[in-house]
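Side-chain atoms are counted along with the backbone in the values below, which use heavy atoms only and exclude waters and symmetry mates.
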Amino acid sequence: MTPTLSFHGAAGCVTGFCAELRTSNARVLVDCGMFQGSKTLKKLNYDDFPFEASRIDAVLLTHAHIDHSGLLPKLMRAGYTGPIYATAATRDLCEVMLADAGGIQEAEVRDLNRRNQRRGRPLVEPIYTARDAKQLMPQFRTVKFGEATVIAGDVGATWWPAGHILGAGSVAVDIDADDGPMKLLFSGDLGPGGSEFVAEPEAPSGFDHLIIESTYGDRDRIATDPASRRRALAAELREAHAAGGPLLVPAFAVQRSQELLMDILEVMDSGEAPAGDVFLDSPLAIRATDVFLDRGWNRTTERNPFESLRHSPHLRYLSKPAESDTLDRLKGWHIIMAGSGMCDAGRIRKHLKRLLWQRECTVLLTGYQAVGTLGRLLSEGAERVSIQGDEVRVRARVRMFDSYSGHADAAGLVAWAQGRGPISGSTFIVHGEPEASAGLRDRLAAVGFPAERLVIPAIDDRFRLTRAGAESEQTGSRRLPSEAAARLDWHNDRAAFLLGLNAALEQAPDDKAREALLRRMVDALGVDPDQGAAGLGPAV
Ligand SMILES: [Zn+2]
């Protein structure tokens with residue numbers, strides 16, 4: 001048969017990457033990521049897979065980030081018993097990250113079920129538990145960069161450093177197709193290069209089809225070398241210190257936290273920034289740090305660049321919730337790093353709720369903030385936000401500090417793609433919001449990639465792969481209309497509406513005006529005031 005390639009995630013959005021490759025003798029997934037961001041997207045995590053899990057022969061994993069690996073335990077629960085190929089560092093990071101993701105889902109479902117019980121609604125199950133994640137681990141098979149591995153049937157694969165996070169790779173797939181060999185390259189997430197902390201991206205050239213991420217496909221960042229990045233960080237720390245309060249850093253637990261900690265310790269030690277206690281308040285980041293100390297050895301420099309995270313007089317690791325609670329009593333200058341990086345889960349939410357209203361506090365966002373997350377709202381200057389059901393006024397200084405991004409910018413993506421040429425068939429642009437993917441398409445066309453062979457797939461799109469290009473196959477089974485993936489959904493509109501209503505009520509001159517406003521709202525909604533909310537139909 002002609003090989004086919006389907007995109008079941010990170011098509012029209014940046015999360016949930018999962019590609020399904022079918023050949024004459026094998027069905028292989030590249031990644032099996034979790035959707036993050038808006039509730040519309042997250043709902044997909046609960047739906048059935050759009051393929052039969054038990055019929056998949058192998059999974060090739062590019063890297064450990066949850067938006068690439070996060071549904072693997074669900075795949076196992078759905079009947080997948082085959083191998084998961086990944087580098088050793090990716091395997092070790094998955095061990096801590098998937099267990100953590102399972103724990104988060106158990107906690108979220110506990111809260112949701114408490115509410116469901118009160119409302120007389122059916123109870124729900126977590127997608128998977130920490131225990132499921134643990135049970136999955138024996139299915140991992142480790143691979144080495146640059147060494148070809150026989151995967152299944154007529155499929156082989158080789159991992160190449162992607163320069164994104166520890167262990168991350170691009171995956172070259174060789175298919176022994178009926179009419180001759182076919183070569184595909186999945187970029188995975190690509191790093192910017194020039195880092196002291198992660199290997200440079202590299203991969204061979206000459207492929208039939210290229211699948212490339214486009215997170216920053218429409219943006220160029222100012223290139224920063226390590227020294228100027230540390231200078232800029234020291235300036236942020238001095239300003240946060242001058243504001244008089246703590247610095248909150250929503251932490252991306254893997255790679256960025258470790259790099260940021262290294263730099264914070266260095267600018268404190270050198271006297272460029274005021275010294276103080278640095279609390280890593282994230283059990284996940286702490287366990288991930290252990291993997292960096294174990295697996296971070298750099299063959300080129302013959303050292304582990306993270307070594308000083310073992311001992312520093314400033315650094316405090318807080319594993320237990322009780323230790324985290326003691327931070328509430330601290331005053332003045334200190335730094336708290338807590339997950340998650342986009343503020344949509346984890347201990348950072350507790351600290352934000354406690355500190356966002358204080359002018360002395362500074363929040364330092366250190367990376368990409370997906371549509372629909374609290375971090376995105378903060379980065380866009382929201383004056384009020386809702387955290388765990390409470391409205392919180394934002395008076396803290398909110399700063400973006402994007403120098404630790406693990407992603408290549410548009411120029412970097414184009415350069416990487418050019419280095420992989422010639423590409424005889426199609427180039428699929430995935431893993432980006434629509435403007436970003438379109439931006440990369442235009443830039444690739446401008447450097448000579450034939451426009452008719454640049455494809456931006458939508459979720460669940462399937463393509464027949466020939467050496468000359470890809471033909472779209474209508475499957476008629478998209479789980480989302482293509483434009484829905486990146487859009488803010490009505491849940492966000494509701495939150496914004498409620499915050500606006502509260503603000504209008506507060507600003508009204510007196511109670512009479514407030515009652516009049518509420519009456520107008522009730523009229524507009526067509527609610528019978530005697531029935532109250534019941535008049536609105538099912539509660540949402
Ligand atoms: Zn990633």
Practice item. Without swapping roles, check the side chain of Glu106 against the backbone of Thr129 for a donor-acceptor pair under 3.5 Å. Key: no

Point to revise | Test log, rule side-chain contact (heavy atoms from CB on, under 4.5 Å), inputs Leu210 and Trp416 | key: CA-CA 11 Å; Leu210 186 65; Trp416 183 87; 3.9 Å; yes

Check your understanding: Is His209 reaching over with its side chain to a backbone N or O of Thr466, donor-acceptor style, under 3.5 angstrom?
Key -> yes

Exercise for review: Mark yes when over 12 heavy atoms from residues, nucleotides or ligands other than Glu125 sit less than 6.0 Å from its CD; otherwise mark no.
Suggested key: no

Revision key, fill the gap. Closest non-hydrogen atoms of Ala410 and Leu440, given as atom of the first, atom of the second and distance, are O-CD1, 4.5 Å

Review point. Does a side-chain N-to-carboxylate-O contact under 4.0 Å join Arg229 and Asp225?
Key: no

Review point. Between Glu380 (side chain) and Gly375 (backbone), is there a donor-acceptor pair under 3.5 Å?
Key: no

Review point. Between the main-chain N or O of Ala285 and the side-chain N or O of Ser282, is there a donor-acceptor pair closer than 3.5 Å?
Key: yes

Review point. Does the ring of Trp297 carry Arg295 above it, NZ/CZ under 6.0 angstrom from centre and within 45° of its axis?
Key: no

Point to revise | Flag side-chain contact, heavy atom, 4.5 Å: His63 against His65 | key: yes

Review point. If you look at every heavy atom in Tyr404 and Leu233, which pair is closest and at what distance?
Key: OH-CD2, 3.5 Å

Practice item. Check the pair Ser24, Asp178 against side chain to side chain donor-acceptor pair (under 3.5 Å), reporting the backbone distance first and the verdict last. Key: CA-CA 8 Å; Ser24 298; Asp178 297 343; 3.1 Å; yes

Point to revise | Pair Arg303-Glu307, salt bridge (Lys or Arg N to Asp or Glu O under 4.0 Å): steps then yes or no | key: CA-CA 8 Å; Arg303 59 184 276 269; Glu307 200 52 43; over 6 Å; no

Exercise for review: Could you tell me whether the side chain of Leu44 reaches within less than 4.5 Å of the side chain of Ile459, counting heavy atoms only?
Suggested key: yes

Exercise for review: Start with the C-alpha gap between His8 and Phe49, add the side-chain angles, then the distance that decides, and say whether ring pair (Phe, Tyr, Trp, His ring centres under 6.0 Å) holds.
Suggested key: CA-CA 9 Å; His8 298 307; Phe49 286 111; 8.8 Å; no

Check your understanding: Distance from Glu259 atom CD to Thr366 atom OG1, nearest 0.5 Å?
Key -> 10.5 Å

Exercise for review: State whether a side-chain donor-acceptor pair under 3.5 Å links Asp281 with Tyr317.
Suggested key: no

Exercise for review: Taking the side chain as every heavy atom from C-beta outward, state whether Met342 and Arg376 have any atom pair closer than 4.5 Å.
Suggested key: no

Revision key, fill the gap. Taking every heavy atom of Leu98 against every heavy atom of Pro73, the minimum-distance pair comes out as CD2-CD, 4.1 Å

Exercise for review: Apply side chain to side chain donor-acceptor pair (under 3.5 Å) to the pair Thr62 and Asp31, showing each step before the final yes or no.
Suggested key: CA-CA 6 Å; Thr62 60; Asp31 292 345; 2.8 Å; yes

Review point. Is a side-chain donor or acceptor of Gln139 paired with a backbone partner of Gly82 at a separation under 3.5 angstrom?
Key: yes

Point to revise | Glu452, CD atom: more than 12 neighbouring heavy atoms under 6.0 Å | key: yes

Review point. Step by step, would you call Leu190 with Leu413 a side-chain contact (heavy atoms from CB on, under 4.5 Å)?
Key: CA-CA 8 Å; Leu190 291 168; Leu413 292 170; 3.8 Å; yes

Exercise for review: Locate the shortest heavy-atom distance separating Ala11 from Ala458; write the atom from each residue and the value.
Suggested key: CB-C, 3.6 Å

Review point. Is any side-chain heavy atom of Arg443 closer than 4.5 Å to a side-chain heavy atom of Arg441?
Key: no

Review point. Has the side chain of Ser426 got a donor or acceptor atom that lies under 3.5 Å from a matching backbone atom of Ala470?
Key: yes

Review point. Quick one: are Met97 and Ser69 in side-chain contact, heavy atoms under 4.5 Å?
Key: no

Review point. CG/Leu260 to CG/Leu364 distance, rounded to the nearest 0.5 angstrom?
Key: 7.0 Å

Practice item. Heavy atoms only: give me the nearest Asp154-Asn25 pair and the separation to one decimal. Key: OD2-N, 3.5 Å

Review point. With distance as the sole test, does Thr373 use its side chain to make a donor-acceptor pair with the main-chain N or O of Asp344 at under 3.5 Å?
Key: no

Practice item. Check the pair Asp402, Tyr368 against side chain to side chain donor-acceptor pair (under 3.5 Å), reporting the backbone distance first and the verdict last. Key: CA-CA 8 Å; Asp402 209 5; Tyr368 184 79; over 6 Å; no

Practice item. Report yes if some heavy atom in the side chain of Leu21 is under 4.5 Å from a heavy atom in the side chain of Arg27; otherwise report no. Key: no

Practice item. Give a yes or no on whether the backbone of Ala168 and the side-chain of Trp159 come within a donor-acceptor separation of less than 3.5 Å. Key: no

Review point. Do NZ/NE/NH1/NH2 and the carboxylate oxygens of Lys74 and Asp132 come within less than 4.0 Å?
Key: no

**Study point:** Check: Glu108 side chain, Pro126 main-chain N or O, donor-acceptor pair, under 3.5 Å
**Key:** no

Check your understanding: Taking it one step at a time, do Ser170 and Ser187 satisfy side chain to side chain donor-acceptor pair (under 3.5 Å)?
Key -> CA-CA 4 Å; Ser170 302; Ser187 71; 5.7 Å; no

Study note, to complete from the structure: dist Leu284:CG -> Asp100:CG (nearest 0.5 Å) comes out at 4.0 Å

Practice item. Would you check if there is a donor-acceptor pair between the side chains of His431 and Thr215 at a distance under 3.5 Å? Key: yes

Exercise for review: Give a yes or no on whether the backbone of Tyr128 and the side-chain of Arg131 come within a donor-acceptor separation of less than 3.5 Å.
Suggested key: no

Check your understanding: Ser308 versus Arg310: any side-chain heavy-atom pair under 4.5 Å?
Key -> no

Review point. Which atom pair, heavy atoms only, marks the closest approach of Ala64 to Ile165?
Key: N-CD1, 4.2 Å

Point to revise | His164 versus Gln255, side-chain donor and acceptor atoms under 3.5 Å | key: no

Review point. If you round to the nearest 0.5 Å, how far is OG1 of Thr90 from OH of Tyr85?
Key: 15.5 Å

**Study point:** Greater than 12 external heavy atoms within 6.0 Å of Arg467's CZ
**Key:** yes

Point to revise | Euclidean distance, Met34 CE relative to Asp67 CG, rounded to 0.5 Å | key: 10.5 Å

Practice item. Specify whether Phe292 and Phe306 have parallel, tilted or perpendicular ring planes, treating 30° as the upper limit for parallel and 60° as the lower limit for perpendicular. Key: perpendicular

Point to revise | Stepwise side-chain contact (heavy atoms from CB on, under 4.5 Å) check, Gln258 with Phe197 | key: CA-CA 9 Å; Gln258 289 77 22; Phe197 296 116; over 6 Å; no

**Study point:** NZ or CZ of Lys42 within 45° of Phe35 ring axis and under 6.0 Å
**Key:** no

Point to revise | Short N-O contact, Arg230 and Glu196, less than 4.0 angstrom | key: yes

Review point. Is there a side-chain contact between Asp189 and Phe17 (heavy atoms, below 4.5 Å)?
Key: no

Exercise for review: Decide side-chain contact (heavy atoms from CB on, under 4.5 Å) for Val363 and Arg399; before the verdict, give the C-alpha distance in whole Å, the side-chain angles of both, and the deciding distance to 0.1 Å.
Suggested key: CA-CA 6 Å; Val363 180; Arg399 305 279 304 157; over 6 Å; no

**Study point:** Donor-acceptor pair between Ser424 and Asp208 side chains, under 3.5 angstrom
**Key:** yes

Review point. Is the Lys NZ or Arg CZ of Arg219 less than 6.0 Å from the centre of Tyr216's six-membered ring, within 45° of the axis?
Key: no

Practice item. Calculate, to the nearest 0.5 Å, the distance between atoms CD1 and OG belonging to Ile264 and Ser257 respectively. Key: 9.0 Å

